[in-house]
Amino acid sequence: MDKHDHEWQKEQERVNGITRLLSTHIRLLSEELGLHRTDVVDMRKDFWEEVTVNFSSPDDLGETSTSLRQQAQILNERERHHLQSSKALKKYKKLVVSPYFGRIDFSEAGDAAADTIYLGIGSLMEDNGTFLIYDWRAPISSLYYDGAPGPASYETPGGQITGTMELKRQFVIDNGEIEVMFDTGVTIGDELLQQVLSHSADDRMKSIVATIQKEQNAVIRNDRSRMLVVQGAAGSGKTSAALQRVAYLLYKYREVLQADQMLLFSPNPLFNSYVSTVLPELGEENMQQTTFQMYLEHRLGQEFQLEDVFSQTESLLNAPDGEEAYIRREGIAYKSSVAFLSAIRQYVNLLEHEGMLFKPLMFQGKAVATKEEMERQFYSYDPGIKLANRIELMTGWLLKKIAAFGAEERSAAWVDEQIELMDNSDYQRAYNQMRRKGGGHNDSFDDYDAERILLARYVVSQRLKPLRGWTKRGRFVDVKALYSRLFEGRELIESLDTRQPLPEAWDEICAQTLAAIRGNELAYEDATPFLYLKELSQGFRTNTLIRHVIVDEVQDYSPFQLEFMRRLFPRAKMTVLGDLNQAIYAQGEVLGDLAGLVSIYGEENTEVISLTRSYRSTYEIVEFTRAMIPGGEKIVPFNRRGEEPLLTLVDSEDDLLSSVEQDVLKLHAEGYHYVAVICKTAEESAQVYRELEKRLPVRLVTKETPNFQKGTLVLPAYLAKGVEFDAVIIYDGSAEKYGREHERKLFYTACTRAMHLLHIYSLGQPSPFLPAAVRETVSAGMQEK
């Protein structure tokens, strides 16, 4: 037996011992949980039998209260213990399959012997407190990701620990059996990465804790910066690293940070489903997940028909080059800019002195407060009071006006009519409500005049309730008119402190904007500025419970939207991840360089980390796709070999459909389970789906699709962002489809979704964004034919 075999045997014996211990823990915990569950159920059923209830005297009342509290505490303690045991059982069940993935031998400076450290997705200790497995997030575990055998150090809450790493060993363990074991002198050995990356795609993102690279570890463990900006190439693992970062922060700050205090803004609901299993795999609760569109709908959906970013993109991609498309793009660029943000801030400052607009408070055709009265009241306050604070004062003033108006209305004829129409239930409800409010009334309505007074007060109060609610929400500020005024000419907007000149097509932009608003529609590029003005004029709503915000695909957000998020979550740190080469939405083009995000929190609070190595795709696919974009030479492909991407020219739509059909059947026969037929737009995707479904099983992915499923998916390029497939078929990569410069990044994004195989069809002349050598080779082949 050679040395390697001997070491393998020793390691397998240790795995066997750990597996036996875990199996014992699982058996004992399962039995304990069964008993706990029975106890909790019995306690809930018998809760009131264990409590003496007596309200006869103050002493009896106090005794009853104490008894209730004690019984509730016992029940809460049992339920908490049950929850902790359940989490431990889930962890042990994961560990028993694959207890750990790494080992380091580390001798601290001054120590004679090295400590042997095994790393897994969770920790395991002996009864005496000795660690058998360290959690991958423990401080010492960073040695495994960052260091190599030789001098090494790691950070702890107590300071830096230095010493020597004498061994780094990696494992692949499945069902208690070591399948791969090797020692490595680098951070994470290529052998393990090769095995992981060669696997098939899945409908859920997987945890990467066994293969975290040094640069990814820097993202995961960074807890210094108020804002962490991660610029990562396609397939660099930036999203995976961000999710492991969430798990790390929840582990390190478990005493003060909960999963529901962390929020992920993802590119679409489909992506939420795709990443939903990563944290539970690591034994953590899922954080909150949403999209920016969902927030806009929550805040503005009752006032407007809101356009979403997908509809905006679809209209731009389908629009022919011309004046209308030019005007729309110009409008998007300006409304997404820091200049427009500055203009709205200056506008609000101006409104503190003049020009505030209000809606009258009306009740059944009568004015409770006219616009003119409200304006006079608003500007009667001390000029030093900020606009939002004046709105609070106005709210109080208007509620008093409503109360005075209500008192006068009680004698109106309509009130008597409403009283006559009251049934017994309404009558009883009115009586009970008036009794609760007090006022020294008798226990029964034994006097007609007193009865009429009480019922009139009730009727008027109920009818004015919606108006009071409307007022408390600040709806008396006419935000629609205030926002529209910005587009009613040039004089106002040019008088504000803007940082750049107005677009050349400003008059046409104004016409488009006002037409939409008059139809109660709000374009995607208008939604955030409108909401920002609404917040500044009515009082900014903030969420102080969220402590960390993660924004994925940040290149698709405008500076305006990111500044809005900063104000929305004032106590939160932010992690933003993006790739400028995948900025496929119009407002994302405004952002420019991700380094520009430094201005949001300031240079001293911001750190930028770049991830340049691409792991998702084969070497050949990365070499192919990086040639499609300026600066692509900075992307470093991981050396996992595969087939060269294939470009095929076809003469007709029928040939194209037949070729795609044969391609899909061949790919599935070869064992590729996730195949994407990526089209340019949703419109094209629907057309292709209708044709392909006559020939083979396919699924259409739309913006409403809740999750991915195994098989052949037909989808638009912009919905493929952030996910990956075994094989990608670009349905039509022709110059007609991807010929305009603003379509380059969309094409690049679609091609970089492929893990193992990329096949591009072109109906006619291929896109100029494809590598020149590939286009020339294909064209030459067609000429020979």
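Keep in mind that what you see is a predicted model, and the values were worked out from it rather than measured.
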Practice task
Sort and list the pairs that fulfil ring pair (Phe, Tyr, Trp, His ring centres under 6.0 Å) and have at least one residue in residues 12-31, not counting sequence neighbours.
Solution key: His25-Tyr92
Exercise for the section: Decide, yes or no, whether a salt bridge links Glu563 with Arg566 under the criterion of side-chain N to carboxylate O below 4.0 Å. Expected result: yes
Practice task
Salt-bridge test for Lys214 and Asp146: reply yes if a basic N is under 4.0 Å from a carboxylate O, no otherwise.
Solution key: no
Problem - Nearest heavy-atom neighbours spanning Ala247 and Trp136 - result: CB-CZ2, 4.0 Å
Fill in the blank from the handout: ring pair (Phe, Tyr, Trp, His ring centres under 6.0 Å) with Phe171: of Phe101, Phe182, Tyr100, only one passes, and it is Tyr100
Exercise for the section: Run the salt-bridge test on Arg753 and Glu724 with the 4.0 Å N-O cut-off and return the result as yes or no. Expected result: no
Problem - Sidechain N-carboxylate O distance under 4.0 Å for Lys94, Glu281 - result: no
Problem - side chain to side chain donor-acceptor pair (under 3.5 Å) between His668 and Thr712, worked out - result: CA-CA 9 Å; His668 284 302; Thr712 302; 2.6 Å; yes
Problem - Candidate pair Tyr154 and Tyr144, rule ring pair (Phe, Tyr, Trp, His ring centres under 6.0 Å), full reasoning - result: CA-CA 10 Å; Tyr154 65 96; Tyr144 174 77; over 10 Å; no
Problem - Cationic N near anionic O, under 4.0 Å, Arg103 to Asp105 - result: yes
Problem - Validation row, ring centre Phe131 to ring centre Tyr134 under 6.0 Å - result: yes
Fill in the blank from the handout: Only one of Thr291, Val551, Thr239, Thr290 passes side chain to side chain contact (heavy atoms under 4.5 Å, CB included) with Ser266, and that residue is Thr291
Practice task
If the plane angle is over 60° it's perpendicular, under 30° parallel, otherwise tilted; pick one for Phe638 and Tyr615.
Solution key: tilted
Fill in the blank from the handout: Rounded to the nearest 0.5 angstrom, the CG-CD1 distance for Asp115 and Ile140 is 6.5 Å
Handout entry: Test item: Thr702 side-chain N/O and Glu704 main-chain N/O as donor-acceptor pair under 3.5 Å
Key = yes
Handout entry: Side-chain ion pair, Lys238 and Glu553, N-O less than 4.0 Å
Key = no
Problem - Cation-pi geometry met for Arg254 and Tyr251 (6.0 Å, 45°) - result: yes
